[in-house]
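To start, the structure under review is shown below, and the notes come after it.
Heavy atoms only: backbone and side chains are in, while hydrogens, waters and symmetry mates are out.
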Amino acid sequence: MNPSRRLIYALAALLGLAQPLGISSSLDADLPGTNVAWWGLLLCLGLLSAFDALSLHRLPSPSLRRNLTGNLALGRWHEVQLQVRHSLTQPLRLEIFDHAPTGMELQNLPLSLILLPGQHCDLSYRVRPERRGHFHFSQCEIRLYSPFGLWRERRLLRLESQTRVYPDFTRLHGAPLMAVDSWLSRLGVRQQPRRGLGLDFHQLREFREGDTLRQIDWKATARKRMPIAREYQDDRDQQILLMLDCGRRMRSQDGTLSHFDHALNASLLLGYVALRQGDALGLYTFATEQRRFFAPAKGQLQLNALLNGVYDLINTRQPADFALAASNVLALQKRRALVIILSNLRDEDDEDLLGAVRRLSRRHRVLVVSLREQVLDGLRQQPVSSFQDALAYCGTLDYLNARSGLHERLLAHGVPVLDARPHELGPALISRYLAWKKGGVL
């Protein structure tokens with residue numbers, strides 16, 4: 001229990017009054033009864049403050065209830081509801097501050113209110129998760145004021161709540177199927193035109209405007225005596241396995257998210273589109289103690305399983321062992337699949353990465369995705385006006401040239417590479433996937 005400003009101001013006023021009384025007493029010019037009046041005021045204040053403190057100590061705490069959704073999206077603001085119930089017969093003044101776990105940014109706290117007798121009140125504040133995982137709210141702090149406002153008391157109320165923080169992809173979860181194409185357009189994804197090669201035959205139909213001569217079935221045209229074209233459909237039985245690097249190279253930060261979170265978001269976006277296309281999607285994590293493997297499967301249940309299986313993945317400081325990861329994938333994934341390695345490549349990855357990719361390529365189609373720090377592009381375009389700027393510029397070029405050299409060596413061995421900045425990774429990865437699927441490369 002602490003004194004409030006009102007009590008401090010009252011004591012300050014009495015002390016301020018004591019100073020001229022002391023001066024007048026030392027000059028033998030004090031008025032009769034002034035000292036008695038001052039001591040009387042001090043005694044009244046003491047008795048009143050004691051009664052007020054006792055009343056506050058006996059005052060029961062109001063009942064609180066927190067309404068928190070069980071699923072939150074990373075980096076987005078969410079509203080948390082607090083319900084306050086007051087059953088006393090006198091007004092109650094209080095402040096509320098909810099104790100959120102580490103990793104949550106709060107807004108609109110503390111909350112101040114005055115509850116009338118028997119009044120119930122619904123309050124709200126905003127919370128924004130800064131990392132994924134499982135979060136536990138355990139208590140809420142209230143500050144009560146005494147009836148005369150001379151004292152205030154801090155109390156901790158047990159208030160249990162739990163929630164999960166998923167990647168920001170959850171805002172698309174359950175979106176209408178008809179909205180997917182427009183959503184892809186907003187992302188910048190452009191589906192490549194069908195080339196007419198490597199696709200499954202679907203049916204024969206009349207020749208239409210826009211069809212190519214290569215689609216004409218000449219035997220059927222001769223029988224029907226009219227142009228007949230072959231209609232193809234995409235192969236809807238492909239398997240995709242994402243190899244996600246959870247190690248130290250993915251700890252680089254671009255904006256509010258790390259490279260790891262950008263790669264995780266892009267993986268889930270690709271999975272959303274691939275499952276819509278009828279393909280099977282799986283995931284394997286490496287460079288982490290949280291090693292997880294989801295065998296490729298189809299349908300909405302697989303997307304739910306992936307979301308619930310990766311929401312609490314954390315970025316580690318372990319180095320990426322591509323050779324070990326390749327061995328594990330070859331042991332786990334027997335059927336031919338499109339294996340997508342998501343990492344942040346360095347020039348020191350040369351031999352290790354090349355050996356792992358070669359082994360994977362004997363059985364699977366491999367795509368290496370390398371995230372590029374956005375700050376490097378800014379340093380390369382920044383004008384050089386000092387010696388430090390020159391050092392930064394030359395170091396950036398040397399680093400980028402080393403990365404480009406590694407990418408060229410991968411391409412020379414027939415391994416495609418997708419080099420993208422983190423915020424562009426999702427659209428670029430989906431565009432590459434759709435282009436390969438339309439062209440029959442998968």
Original post:
Listed by chain and number, what are the salt bridge (Lys or Arg N to Asp or Glu O under 4.0 Å) partners of Asp419, not counting sequence neighbours?
Top reply: Arg372, Arg403

Original post:
Heavy-atom distance under 4.5 Å between the side chains of Arg358 and His413, does that happen here?
Top reply: yes

Original post:
Which pair of non-hydrogen atoms, one from Tyr125 and one from Asn108, has the smallest distance, and what is that distance?
Top reply: CB-O, 4.1 Å

Subject >> Main-chain N/O of Gly70 paired with Gln162 side-chain donor or acceptor, under 3.5 Å >> reply: no

**OP:** Taking the side chain as every heavy atom from C-beta outward, state whether Val368 and Leu342 have any pair of such atoms under 4.5 Å apart.
**Re:** no

**OP:** Please determine which of Arg131, Arg164, Arg132, Arg292 meets the salt bridge (Lys or Arg N to Asp or Glu O under 4.0 Å) test together with Asp312.
**Re:** Arg292

**OP:** Could you give me the CA-CA distance, side-chain angles and deciding distance for Cys121 and Leu115, then say whether side chain to side chain contact (heavy atoms under 4.5 Å, CB included) is met?
**Re:** CA-CA 8 Å; Cys121 186; Leu115 288 175; 3.6 Å; yes

Original post:
Just checking, is any N or O donor in the side chain of Arg66 or Ser161 under 3.5 Å from an acceptor N or O on the other one?
Top reply: yes

**OP:** Could you pull out all residues at least two apart from Arg85 that satisfy side chain to side chain contact (heavy atoms under 4.5 Å, CB included)?
**Re:** Ser63, Gln83, His120, Asp122

Original post:
Between Thr316 and Cys246, is there a donor-acceptor pair closer than 3.5 Å when you use the side chain of the first and the backbone of the second?
Top reply: yes

**OP:** Over all heavy atoms of both residues, which pair between Phe135 and Pro101 is shortest? Give the atoms and the distance, please.
**Re:** CD2-CG, 3.6 Å

Original post:
Which atoms form the tightest heavy-atom contact between Leu264 and Pro167, and what is the distance?
Top reply: CD2-CG, 3.9 Å

Subject >> Rounded distance (nearest 0.5 Å) linking atom CZ of Arg359 with atom CG of Leu354 >> reply: 13.5 Å

Subject >> Short side-chain to backbone donor-acceptor contact, His259 and Arg251, under 3.5 Å >> reply: no

Subject >> side chain to side chain contact (heavy atoms under 4.5 Å, CB included) between Leu159 and Ser138, worked out >> reply: CA-CA 5 Å; Leu159 202 58; Ser138 60; over 6 Å; no

**OP:** Could you go through the side chain to side chain contact (heavy atoms under 4.5 Å, CB included) check for Ile314 and Gln290 one step at a time?
**Re:** CA-CA 8 Å; Ile314 59 175; Gln290 299 174 291; 3.1 Å; yes

Subject >> Reference residue Arg126; test side chain to side chain donor-acceptor pair (under 3.5 Å); the match among Glu105, Gln107, His78, Glu79 >> reply: Gln107

Original post:
Heavy-atom distance under 4.5 Å between the side chains of Thr163 and Asn71, does that happen here?
Top reply: no

Original post:
Atom CD1 in Ile341, atom CG in Leu353: separation rounded to 0.5 Å?
Top reply: 6.0 Å

Original post:
Would you say the side-chain atoms of Gln215 pair up with the backbone N or O of Arg230, donor to acceptor, closer than 3.5 Å?
Top reply: yes

**OP:** Measure from the side-chain N and O atoms of Asn67 to the backbone N and O of Gln81, and report whether any donor-acceptor pair falls under 3.5 Å.
**Re:** no

Original post:
Quick one: side chain to side chain contact (heavy atoms under 4.5 Å, CB included) partners of Lys334, sequence neighbours excluded?
Top reply: Arg363

Subject >> From Arg362 atom CZ to Leu360 atom CG, the distance as rounded to the nearest 0.5 Å >> reply: 9.5 Å

Subject >> Under 3.5 Å side-chain donor-acceptor pair for Ser112 and Arg93 >> reply: no

**OP:** Taking the side chain as every heavy atom from C-beta outward, state whether Thr69 and Val80 have any atom pair closer than 4.5 Å.
**Re:** no

Original post:
Can you find a heavy atom in the side chain of Asn315 that is under 4.5 Å from one in the side chain of Asp261?
Top reply: no

Original post:
Between Gln238 and Gln277, do the side chains contain an N or O donor and an N or O acceptor separated by less than 3.5 Å?
Top reply: no

Original post:
Does Arg154 reach the main-chain N or O of Asn2 with its side chain, forming a donor-acceptor pair under 3.5 Å?
Top reply: no

**OP:** Could you tell me whether Glu160 atom CD has more than 12 heavy atoms of other residues or ligands within 6.0 Å of it?
**Re:** yes

Original post:
Is a donor on one side and an acceptor on the other found under 3.5 Å between the side chain of Thr221 and the backbone of Pro227?
Top reply: no

**OP:** Output yes when a side-chain donor or acceptor of Asp279 lies under 3.5 Å from a complementary backbone atom of Leu275, and no otherwise.
**Re:** no

Original post:
Side chains of Tyr166 and Asn308: is there a donor and an acceptor less than 3.5 Å apart?
Top reply: yes

**OP:** Evaluate the ring planes of Phe286 and Tyr284, with Trp represented by its six-membered ring, and classify them as parallel (under 30°), tilted (30 to 60°) or perpendicular (over 60°).
**Re:** parallel

Subject >> Stacked cation flag Arg365 on Trp436, 6.0 angstrom / 45 deg >> reply: yes

Original post:
Between Thr288 (side chain) and Arg291 (backbone), is there a donor-acceptor pair under 3.5 Å?
Top reply: no

Original post:
Stepwise, does the salt bridge (charged side-chain N to carboxylate O under 4.0 Å, His left out) test hold for Glu153 with Arg155?
Top reply: CA-CA 6 Å; Glu153 184 178 13; Arg155 298 180 184 178; 3.1 Å; yes

**OP:** Write down the atom of Pro62, the atom of Leu157, and the distance for their closest heavy-atom approach.
**Re:** O-CD1, 3.8 Å

**OP:** Decide yes or no for Phe294 and Gln302: does some side-chain heavy atom of the first lie under 4.5 Å from some side-chain heavy atom of the second?
**Re:** yes

Original post:
Do the non-hydrogen side-chain atoms of Ile142 and Glu95 ever get within less than 4.5 Å of each other?
Top reply: no

**OP:** Quick one: closest heavy-atom pair of Leu144 and Pro60, and the distance?
**Re:** CD1-O, 4.4 Å

**OP:** Compare all side-chain heavy atoms of Leu332 with those of Val329 and state whether any distance is below 4.5 angstrom.
**Re:** no

**OP:** Locate the shortest heavy-atom distance separating Ser370 from Leu345; write the atom from each residue and the value.
**Re:** OG-N, 3.4 Å

Subject >> Phe260 side, atom CZ; Asn265 side, atom CG - distance, nearest 0.5 Å >> reply: 10.0 Å

Subject >> From CA spacing to verdict: side chain to side chain contact (heavy atoms under 4.5 Å, CB included), Phe322, Ser343 >> reply: CA-CA 10 Å; Phe322 293 104; Ser343 184; 3.9 Å; yes

Original post:
Would you say the side-chain atoms of Gln333 and His364 include a donor-acceptor pair closer than 3.5 Å?
Top reply: no

Original post:
Any sub-3.5 Å donor-acceptor pair from Asp98's side-chain atoms to Ala100's backbone N or O?
Top reply: no

Subject >> Reported CG-to-CG distance for the pair Asp52 and Leu54, which is rounded to 0.5 angstrom >> reply: 9.5 Å

Original post:
Quick one: OG on Ser252 to CG on Leu371, what's the gap to the nearest 0.5 Å?
Top reply: 9.0 Å

